[in-house]
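Note that the structure is a prediction, hence the values are computed from the model and not measured. Both counts, for ligands and for their atoms, begin at 1 and track the order of listing.
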Amino acid sequence: MVEPLILIVEDEKPVVDMLQYNLETEGYRILSASDGEQALLIVKEESPSLLILDWMLPGISGLEICRRLKRAKDTRNIPILMLTARGEETDMVRALNIGADDYVVKPFSLTLLIARIRAIFRRTNKELSDEKLELEHLKLYVDTLAHRVWRGPTEVHLGPIEYRLLCYFMANPGRVYSREQILDSVWGRNRYVEPRTVDVHVRRLRRTLNVDGSPDIIRTVRSAGYSLNSS
Ligand code: CA
């Protein structure tokens, strides 16, 4: 499985560094933003699986970011965990009312924060914790516990990279991923492979999943990248 991507929105660099280090150790992928404008851009481009959002930020406040993300159709399902200083605790009712999924009061215990993150993923991000991924229109079924894949009634056998690629695409069907994004997520940031390598593995994935002339599951988007066929 591809590890969930968490976006940390926080202007205090030591807090960001500490969170990034510890959450990466937990196996999450991390991006960070130091203000709201940057955060909204990253959300749009990277579709993170969760936001850790500080309340007090320069420019747009954490509360306002939360409101905007929860109002928009594309982003309302991204869970938001808000961070707040003790004095703002009573205001948290407002944050919860506009859709924040949870909050943690600063200074916080890291163990508690990590437990809350896990709970949010269990509760709201079904496809990341589910044992089964399926796309009915493509007749595609993945058992993520057993790492087994079926196309219709036929079980197909994928290599480890192809398997990760497929899970990555299935997490957001219809979304177009660039070769760079695919490399970062499927191979990780410390990889030494060229973007063309993606083409090789996508071709292999396509070939393996194309059972008896079933419809192609991966769409090539010229000069942009690849996407799972969403229709
Ligand atoms: Ca702050």
- Would you call D74 and K44 a salt bridge, taking side-chain N to carboxylate O under 4.0 Å as the test? no
- Query: With the threshold set at 4.0 Å, does a side-chain nitrogen-carboxylate oxygen contact exist between E46 and R29?
  - Reply: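 Looking at E46 and R29, the cut-off is not met.
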- Message: Run the side-chain hydrogen bond (donor to acceptor under 3.5 Å, both in side chains) test against D17 and tell me which residues pass, sequence neighbours left out.
- Response: K13
- Separation between CZ of R116 and CG of D102, rounded to the nearest 0.5 Å: 4.5 Å
- Query: Between CD1 of I30 and CD1 of I52, what distance do you get to the nearest 0.5 Å?
  - Reply: 6.5 Å
- Message: Whether the side chain of Q38 engages the backbone of S34 through a donor-acceptor N/O pair (distance < 3.5 Å, no angle test) should be reported.
- Response: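 Answer holds: yes.
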- Note on the structure: Note, the Ca ion (ligand 1) has protein N, O or S atoms under 3.0 Å numbering 3
